[in-house]
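Below: one structure, written as structure tokens.
Index from 1, following the sequence. Remember, predicted model here, so these are calculated numbers, not experimental data.
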Amino acid sequence: MRAALARPAEEVAPDLLGAVLTHETPEGTVSITITETEAYSGAADPASHAYRGRTPRNAVMFGPAGHLYVYRSHGLHWCANVVTGTDGIASAVLIRAGRVIEGEDLARERRGHKVESARLARGPGNFCQALGITAEHNGTDLLTDASVALSEGEPVPAALVRAGPRVGVSRAHDWQHRFYLAGDPTVSAYRLSPRAKPSAGA
């Protein structure tokens, strides 16, 4: 599976639809099928954390592929990314949404007892909260025996895969690097950043 991840983020992102992220904790296990992703590259991608080069914050993005890059968004929510591409060149896929397939009760404890099933892991912050992912998981190798693991799920029909502009970013927002399953209720709503400006496509 690592070889499949060692490709550009925009190639890996649609292939991660249907894959499963699992987190085993003392409280129990939660597994989520991925239904929405976004691709982010490095120096060529103005919306990427690695656009201006390597820093202590984004170092995990530079590889190797198959590791987890976790960061805090707006000081509020954790976001999880699967590192892709060639070792030494920044590339990662943000996991935007998913469907809880194991441990729904535990996911609901983390998200709130009144949250409906389709919304438990809708949006990158909610995805991490439902799965119990925090900064301590940054750098985790998802393909070893770690408590957080990525595995192949059921194949996704190509006819269900859609591509569109990225959500909430102000730069290169119109790149068609967001991928999601058409008609799936767990997919987050598209929102254009109020600071967004037209940019050259990729």
Side-chain angles (χ1 to χ4, degrees), residues 13-40 49 57 60 67-83 92-157 160-162 164-169 178-194:
D15 290 347
L16 282 177
L17 298 176
V20 177
L21 264 179
T22 298
H23 187 197
E24 297 180 0
T25 67
E27 295 75 32
T29 298
V30 174
S31 295
I32 302 179
T33 296
I34 298 169
T35 59
E36 182 184 3
T37 61
E38 277 182 349
Y40 289 89
H49 286 178
R57 180 197 191 200
V60 176
H67 287 242
L68 191 67
Y69 168 47
V70 181
Y71 67 87
R72 178 88 79 171
S73 176
H74 304 297
L76 298 173
H77 309 293
W78 297 111
C79 295
N81 302 254
V82 177
V83 176
V93 174
L94 171 67
I95 309 303
R96 285 202 52 85
R99 182 187 317 110
V100 178
I101 58 173
E102 179 182 4
E104 183 170 322
D105 288 344
L106 178 55
R108 185 166 279 108
E109 284 183 21
R110 292 168 174 164
R111 288 276 291 116
H113 291 286
K114 295 184 178 181
V115 178
E116 60 186 89
S117 297
R119 298 180 62 87
L120 285 173
R122 181 193 292 170
N126 294 334
F127 186 99
C128 280
Q129 188 175 3
L131 205 56
I133 296 297
T134 65
E136 70 177 280
H137 303 105
N138 186 45
T140 296
D141 188 341
L142 297 170
L143 305 182
T144 64
D145 294 328
S147 62
V148 185
L150 177 69
S151 60
E152 296 181 359
E154 295 295 326
V156 171
L160 292 181
V161 178
R162 298 288 186 274
R166 295 184 288 197
V167 177
V169 295
R178 172 177 173 247
F179 301 90
Y180 58 96
L181 299 181
D184 194 297
T186 65
V187 172
S188 61
Y190 174 73
R191 293 188 303 276
L192 177 66
S193 168

How far apart are the C-alpha atoms of Val82 and Thr37, what are their side-chain angles, what is the distance that settles it, and do they pass the side chain to side chain contact (heavy atoms under 4.5 Å, CB included) test? CA-CA 10 Å; Val82 177; Thr37 61; over 6 Å; no
Between Leu181 and Thr186, is a side chain to side chain contact (heavy atoms under 4.5 Å, CB included) present by the stated rule, with each step listed? CA-CA 9 Å; Leu181 299 181; Thr186 65; over 6 Å; no
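Distance check, rounded to the nearest 0.5 Å: CD1 of Ile32 to OG1 of Thr22 gives 8.5 Å. The line from OG1 of Thr25 to CG of Leu131 is 9.5 Å long, rounded to the nearest 0.5 Å. To the nearest 0.5 Å, the span separating CG on Leu160 from CG on Asp184 amounts to 9.0 Å.
Among residues two or more places apart in sequence or in another chain, the side chain to side chain donor-acceptor pair (under 3.5 Å) test is passed with Arg178 by Glu36. In this structure, Arg122 has no salt bridge (Lys or Arg N to Asp or Glu O under 4.0 Å) partners at least two apart in sequence or on a different chain. Every residue meeting the salt bridge (Lys or Arg N to Asp or Glu O under 4.0 Å) condition with Glu104, not counting sequence neighbours, appears here in chain and number order: Arg108. Scanning for ring pair (Phe, Tyr, Trp, His ring centres under 6.0 Å) contacts around His67 gives an empty result, with sequence neighbours left out.
Between the side chains of Ser188 and Arg96, at least one donor N or O sits under 3.5 Å from an acceptor N or O.
A 4.5 Å side-chain heavy-atom check between Tyr180 and Glu38 finds every atom pair outside the cut-off. Within the 4.5 Å cutoff, the side chain of Leu142 has heavy atoms near those of the Leu21 side chain. Using a 4.5 Å cut-off on side-chain heavy atoms (C-beta onward), Asn126 and Leu120 make no contact. At a threshold of 4.5 Å between non-hydrogen side-chain atoms, the residues Tyr71 and Leu94 count as touching.
Between the side chain of Ser31 and the main chain of Glu102, no donor-acceptor pair closer than 3.5 Å is present. Listed for the Asn81 side chain is no donor-acceptor partner under 3.5 Å among the backbone atoms of Val83. Counting only distance, with no hydrogens or angles, the side chain of Arg162 and the backbone of Ala182 share no donor-acceptor pair below 3.5 Å.
Remark: of the listed residues Asn138, Val60, Ile133, Ile133 is the sole one forming a side-chain contact (heavy atoms from CB on, under 4.5 Å) with Leu68.
Closest approach of Thr29 and Leu106 over heavy atoms only: N-CD2, 4.2 Å. Taking every heavy atom of both residues into account, Val187 and Thr35 meet most closely at CG2-O, 3.7 Å. The heavy-atom pair separating Gly103 from Val30 by the smallest distance is O-CG2, 3.6 Å.
Pairs of residues two or more places apart, or lying in two chains, never qualify as ring-ring contact (aromatic ring centres under 6.0 Å, His included) while including a residue from residues 115-134. Residue pairs meeting the ring-ring contact (aromatic ring centres under 6.0 Å, His included) criterion with at least one member in residues 15-34, sequence neighbours excluded, are His23-His137.
Within a 6.0 Å sphere centred on CD of Glu27, heavy atoms belonging to other residues, nucleotides or ligands number more than 12.
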